[in-house]
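Down below is the structure, laid out as structure tokens.
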Protein chains: 2
Amino acid sequence: MTQYVFDFASGDATQTDLLGGKGANLAEMTRLGLPVPPGFTITTDACRHYLAEGAVPGALADQVRDHTAALEKAMGRRFGDTADPLLVSVRSGAKVSMPGMMDTVLNVGLNDETVRGFAAVYGDESFAADTYRRLLAMFGQTVLGVDGSLFSRALDEAKKKQGVTADSELTAAVLSELVETYKDIILEETGSPFPQDPHEQLRQATEAVFRSWNGERARVYRKRENIPDDLGTAVNIVAMVFGNRSADSGTGVAFTRDPSTGEQGVWGDYLADAQGEDVVAGIRNTEPLAALEGHDAESYRELLSYMELLEKHYRDVCDIEFTIEEGKLWMLQTRIGKRTPAAAFRVACDLVDEGLITIDEALGRVSGEQLTQLMFPAFDRSNAPAPLAKGVAAAPGAAVGKAVFDPHRAAELAESGEKVVLVRDETNPDDLPGMIAAEGVLTARGGKTSHAAVVARGLGKTCVCGADSLEIGPDSARAADGTVVNEGDVVSLDGGTGEIWTGSIPVTDSPVAQYFEGKLGASSDPLVTAVDRLVRHADESARMEVWANADTGSDARRARRFGARGIGLCRTEHMFLGDRREMVERLILAEPSDREPILDELGRLQESDFAEIFEAMDGLPVVVRLLDPPLHEFLPSLVDVSVKEAVSPSAENADLLRAVRRLHEHNPMLGLRGVRLGIILEGLYSMQVRSIARAAEALRAKGLDPKPEIMVPLVSEASELDVARRAAEKVLEGFDVDVPIGTMVETPRAALTAGRVARFADFFSFGTNDLTQMTWGFSRDDAEGSFFGDYLDLGIFEYSPFAVLDEAGVGALVETAVKTGREANPDLHLGICGEHGGDPQSIAFFDKAGLDYVSCSPYRVPVARLARGQSAVK
Amino acid sequence: MTQYVFDFASGDATQTDLLGGKGANLAEMTRLGLPVPPGFTITTDACRHYLAEGAVPGALADQVRDHTAALEKAMGRRFGDTADPLLVSVRSGAKVSMPGMMDTVLNVGLNDETVRGFAAVYGDESFAADTYRRLLAMFGQTVLGVDGSLFSRALDEAKKKQGVTADSELTAAVLSELVETYKDIILEETGSPFPQDPHEQLRQATEAVFRSWNGERARVYRKRENIPDDLGTAVNIVAMVFGNRSADSGTGVAFTRDPSTGEQGVWGDYLADAQGEDVVAGIRNTEPLAALEGHDAESYRELLSYMELLEKHYRDVCDIEFTIEEGKLWMLQTRIGKRTPAAAFRVACDLVDEGLITIDEALGRVSGEQLTQLMFPAFDRSNAPAPLAKGVAAAPGAAVGKAVFDPHRAAELAESGEKVVLVRDETNPDDLPGMIAAEGVLTARGGKTSHAAVVARGLGKTCVCGADSLEIGPDSARAADGTVVNEGDVVSLDGGTGEIWTGSIPVTDSPVAQYFEGKLGASSDPLVTAVDRLVRHADESARMEVWANADTGSDARRARRFGARGIGLCRTEHMFLGDRREMVERLILAEPSDREPILDELGRLQESDFAEIFEAMDGLPVVVRLLDPPLHEFLPSLVDVSVKEAVSPSAENADLLRAVRRLHEHNPMLGLRGVRLGIILEGLYSMQVRSIARAAEALRAKGLDPKPEIMVPLVSEASELDVARRAAEKVLEGFDVDVPIGTMVETPRAALTAGRVARFADFFSFGTNDLTQMTWGFSRDDAEGSFFGDYLDLGIFEYSPFAVLDEAGVGALVETAVKTGREANPDLHLGICGEHGGDPQSIAFFDKAGLDYVSCSPYRVPVARLARGQSAVK
């Protein structure tokens, strides 16, 4: 028979799947001999059974009764004993911590009879009445679904009537009256009296905790945090101890290190004569943990010794809850402490120095996401006012700009040079132009997978969403405190914390970014020292290289400073824009016979573009991708030209319209671009190849060591590469340079036929953006802002496949191409230059797949360096 | 050492790769003891060597000299012998027949000395001089590149001077003078005298034949006929025999059956006292072969006996060339005779009846392409005038319409109800609207892979291209005979033969199509009988079923008549067009809360659509695909609405513009469509599922046996199908119908993850159109008319991957999906519903891949039935 109940003394910290985080750690502390109140855990199995079947497993009742009996024996008290009753708390505890999201019921076991015994045992009638009152309110609200304000209103009335302000000033008589009032409320609201049977209380409270797993709050939280819906929660039944028993009682939380900075030394809060719920509720101000020494030096020393023991045992920062009942310390919870990105790096290194973990383990204690956060500029909070509101931290960064409530208006203002923040109740595809124009996006509705969040992350914009304390209308927003934000009012958004301020909060450069830029030394501050140490260890452990995608000399220089060992993708189309756009337009509109002089002119300009990048990367490879996008991208849009010609017809407009129509494509992503264009438009690729060779030859003459490589885009058939390669080789014949020629593997067919493609390639570079688009059959432009949010909400996607490589589909193609490509050409050099090259989870995949390098945007280079090292030590 | 030369006595018919078709068959006839003039073949190896290196292999000269010596011995004559010289012909002969495309030189071996001996031996000075004259003209033109008109002009002048009209009337003296004139022309034009050394003549003539492989004509022909460029040609050196020797000499061609109708009985042409070249040149009118009996009964009987022997030996129709020299019959060539599609079917069946081949072999003797040709309506040529011109038969059909020279004008006229034929010098993407509007397309330039040809085949339009005898201008066309075609003049195009007429040629229904329509019995005519017999044998032999794609009741009824065993693709989007378009527009523009009544209305209409199809296919499966295209396809175009709003702004136009903009996608093929739309647009798929179930339930109540299946389009992730399937099952719960639910496998990812997708699918249907698009990364709309022609010309494509399944890429995905899908779900039913389902080569692949059925357009059903049977017997 399935065992649904485990005593604290029989489990350990590894059993979080079954016992939840809280239960497993209570068991672990019990095992370690720490003073944990006796108790037992009802497993997540039981919860899942309850959620699936609508009823607890048949075997549960007996198992709970047996464990209750054991608990009674351990405590020397019995449930429902009118003389000396056992009281327990019923606490939720999922595998993954979901603070405040699920329910807890304290003081279970009190009723009209036992409250008298309880009063006698503790010698305190008002304490007993207050404890009963708390049970009734909590049980009524949590288990029976009574509106909680009914209880608090009754309490307020009683205090008013007595002319007192603190609960503790109420007399036993008044509290007993309140108990009656609460029971009446329950009877009135539910039609049934409060259950007097402690076992029935326990049963109902347990099921209520189970149900709270699917409560609105919990479900929303899980979606935001990407926690699976099918874990379920465990329930912990713990003998009650009372921090609100007396002046030498109290309760507190403690961290074994500062979770904000990572500094060594204990850190926490203490509240004398209070229950844990009072700390959470923030009703009274807490004292720093050190104050406990003054209240109860012995308990303090005992606590410190337990904290040291736990940190050594768990080999990480621990986050602890404790209660002191009349001078006796009880450990109520411990878990691995959450920490800021900065603390993560410092703690990891400190633990290495303290001999608790290895440097490899330390590398596993930090994440690329944390390093990313540390590289963003941050708000200088030193003089910042209180935030106006807080929402979901959906896309990192620090955005400051004028609030604008209409997307088109936002685009207009941005066009005129204003920095704007787009503020919307929620966003939809119509908002895209405004989102592109804005520094950041703020919404009142939606979580981490909302349209606003998904699109902002795709665009690299700061985003705070789901700030539901704001009422956002069509032209203003109103905060909970009545503050109104109108169009043009400056707001500041912290995409890393979700905070929102009115006014402009000063922004400070990140010291970590400055370190990577070479502007700060590794020893400049303890955080930078820790980052330096772990990134260097990652570099030393790594197998794969990190290269960067860069189209300009300045990007290439930054990439090199950040540690890139090559440029894996230098796009040439950007070199065709700006003031050269007009030349490209002429090229496109010219008769084939008139193209040569324009190509020559463009070629000379490209030569200097290339020279700058090759010089920046002197001695390191630079992979230049020949022109990829369709030609019409260099012309005005069909809609614009059609409207222009309709409104003011002219021969010139008509000519342009004809050309734009001729080049118009229904699906430009699937049209005449990449190598197709290179083959069809004679002279284009040759011009580019010549410019590359000339630039390289000129630098060599200056004593430099340029290492250009030529990448042919969008090959889907080996013969395309064959044709393009032969044409390029013909041009290169005239130069004394050695230029490897390879291809971007970015169509499924190139991957499927990689064995043949590899015969014409010195290298493959996986273009995972296009490969993802074609493998799934959706384009980023059209899909990300359209249905990705819904897909993430529905669980069809775990992540956007543009953010994290889809291993089952796209990854399978990468593996096929690596295998068959290398078989056909053992010297084939392999890299990846899609945006996945900067995503830690994807980097681990590429490492396993055997690629030689990942290439990512310059700012992601440090993250990629860290991630490929983590992948290597794993 | 490589053997580059083979005596006719040492080869056989299987060696066409090495010896070419002509050489191998000459060897075969020699082996059979037929009177073949002695000779030898220089291999295609030698040709390939020559073409690659620019020189013949070093070993060739000696091998030719040895074989020449052997030939001299066999003939009892020597090369260059002034008394009795050996003369040879030097004839091209590639593996695949390329009639008239390459060069031949006759009478090699004559010079100023040997011509006298030759005259003495034959006792005929004028014959000898004429033979020398012919050598000089042929050698001059073919080998030395002299303009042939110089020789014919000199001949004409001589005849004029003598006052005669026929060559044969010229005297020996005049002919000898002409010989001198010809030699002068050669000296003048080339700077060198005509080579007198017969071995040198032979050497030069051989290389000239090699070079002619890459002549302009030959290359164009190969492109048109899809013949690989790297085959090369063999060269046959054959002892000369002279059909122009005397009145009891002659030459002819013969077929063992009528190559036009397939009727039994010999068929051919005979020309007395002539060389083969005279027949080809059409200078004199030939007599029917039977006339030979009157001229030379013995040779006629001998020829008939050889023809019978050859047909029995080759087990197929033979196409023979022969020459009679002074009553002695010589066999100069045999090959498998080309035949019309009608003849192919009749001959195949007759050969079975004659016991020469098995019925399985007969099935292999006909092609799906031939059956297609037979199903098109054809021109009734009985009273047709001579064609105006002839071009390349690029896309079959019989098109009659007014000639229009401008694509936009063509679209206008078609819009107003006129039938038009688009006539263009050549086409480019601008012509697309005109091509779509036209019955047929006629161009003066380009072959089977030209833009016009590729696009017309894609559109299913009749096309004749490369009619280079027409001068096609911007508003008229001029034929070689001076006829001018202006806009509005009616023209007729036969896309199966390439013929072009002015005026309207009457069109007759194809008896084969009428047979499949059930309007003609199988015994109505010998052709229909043969088609019926082979298609029925194909049916009996086949493993795979043939289903059809049909969206309407009438299409479904036709498909069923044509032999479809189910509907593999019933598209529902067409049901949303026409007068329902307005409803769909309302649906799209409605607030989500207002959609239900519109969906209900659409649902009722769909129910009757489905009922009609289910009834037509009573007892057979009908796979209904839920709505696939993006919504904006049901709205006016962004360009149109933008122009409208710019020209005449109104609130209504602005509203519409906003909606169209909201739904606008950069790449609709990669956007919100298929199952994505079904998931996002609540109620849409449920409405469709409900209509299907209602229609089926209603028919069952009437005692019918409807078998609907539901196909979810564009799934790329198993969860999408899971979500859609569960929603559909929920709707179906309310009905007493059993409806299998499956998916279209049309994204690479669906194929790559088929093992997971199959867990939620009762069937897969491969949507190879989209699968091809996404695997290659090009859309049909954007690619076919843009760069496919160039790609076919460059040999990057052998076929358009939309016409013939790309086995290396798309095929690999199909195989993966079949394997992993069946592993995960052994009951999975597998079919294909892309256009490849009607292509014989692709059908053979699908058969091998193990699919259960192919589904194609109704008109392709007979072709598919034939093809899957051919695949089965192979």
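Just so it is clear: chains get the letters A, B, ... in the order the sequence lines come, proteins before strands, and each one is counted from 1. Given the structure is predicted, the values throughout are model-derived calculations rather than measurements.
Top candidate by heavy-atom pairs under 4.5 Å with chain A, chosen from B:S719, B:P748, B:A718, B:A812, is B:P748. Comparing B:P630, B:S716, B:S786 by heavy-atom pairs within less than 4.5 Å of chain A, the highest count is held by B:S716. Among B:T816, B:V641, B:L794, B:L672, the residue making the largest number of heavy-atom pairs under 4.5 Å with chain A is B:L672. Counting heavy-atom pairs closer than 4.5 Å to chain B, the top-ranked of the candidates A:S637, A:A783, A:P668 is A:P668.
Heavy atoms only, all atoms of each residue included: A:L670 and B:Q773 are closest at CD2-O, 4.4 Å. Residues A:G671 and B:F787 come closest through the heavy atom pair O-CE2, 4.0 Å. Closest approach of B:R749 to A:A808, counting heavy atoms only: NH2-CB, 3.7 Å. In terms of heavy-atom proximity, A:D781 sits nearest to B:H666 at CB-CD2, 3.8 Å. Nearest approach of B:S779 to A:N667, heavy atoms of both residues: OG-ND2, 4.0 Å. Nearest heavy-atom pair, B:A646 versus A:V643, reported as atom, atom and distance to 0.1 Å: CB-CG1, 3.5 Å.
In B:E682, the CD atom is not crowded: 12 or fewer heavy atoms of neighbouring residues, nucleotides or ligands sit closer than 6.0 Å.
Note: B:W776 CH2 to A:E720 CD = 7.0 Å, rounded to the nearest 0.5 Å. With rounding to the nearest 0.5 angstrom, the CE atom of B:M669 is 12.5 Å from the CD atom of A:E665. Here the NZ atom belonging to B:K644 is positioned 15.0 Å from the OG atom belonging to A:S642, to the nearest 0.5 angstrom. Separation of atoms CZ (B:R676) and CG (A:D782) is listed at 10.0 Å; rounding is to 0.5 Å.
Only the side chain of A:T753 comes within contact range of chain B, with at least one heavy atom under 4.5 Å from a heavy atom of that chain. Only the side chain of A:I679 comes within less than 4.5 Å of a heavy atom in chain B; its backbone stays farther off. Only the side chain of A:D806 comes within contact range of chain B, with heavy atoms under 4.5 Å apart. When heavy atoms are compared at a cutoff of 4.5 Å, A:Y791 approaches chain B solely by way of its side chain, counted from C-beta outward. Within the 4.5 angstrom heavy-atom criterion, no atom of A:L677 approaches chain B. For A:I796, the parts lying under 4.5 angstrom from a heavy atom of chain B are both the backbone and the side chain.
A heavy-atom distance below 4.5 Å is found between the side chains of B:T775 and A:L752.
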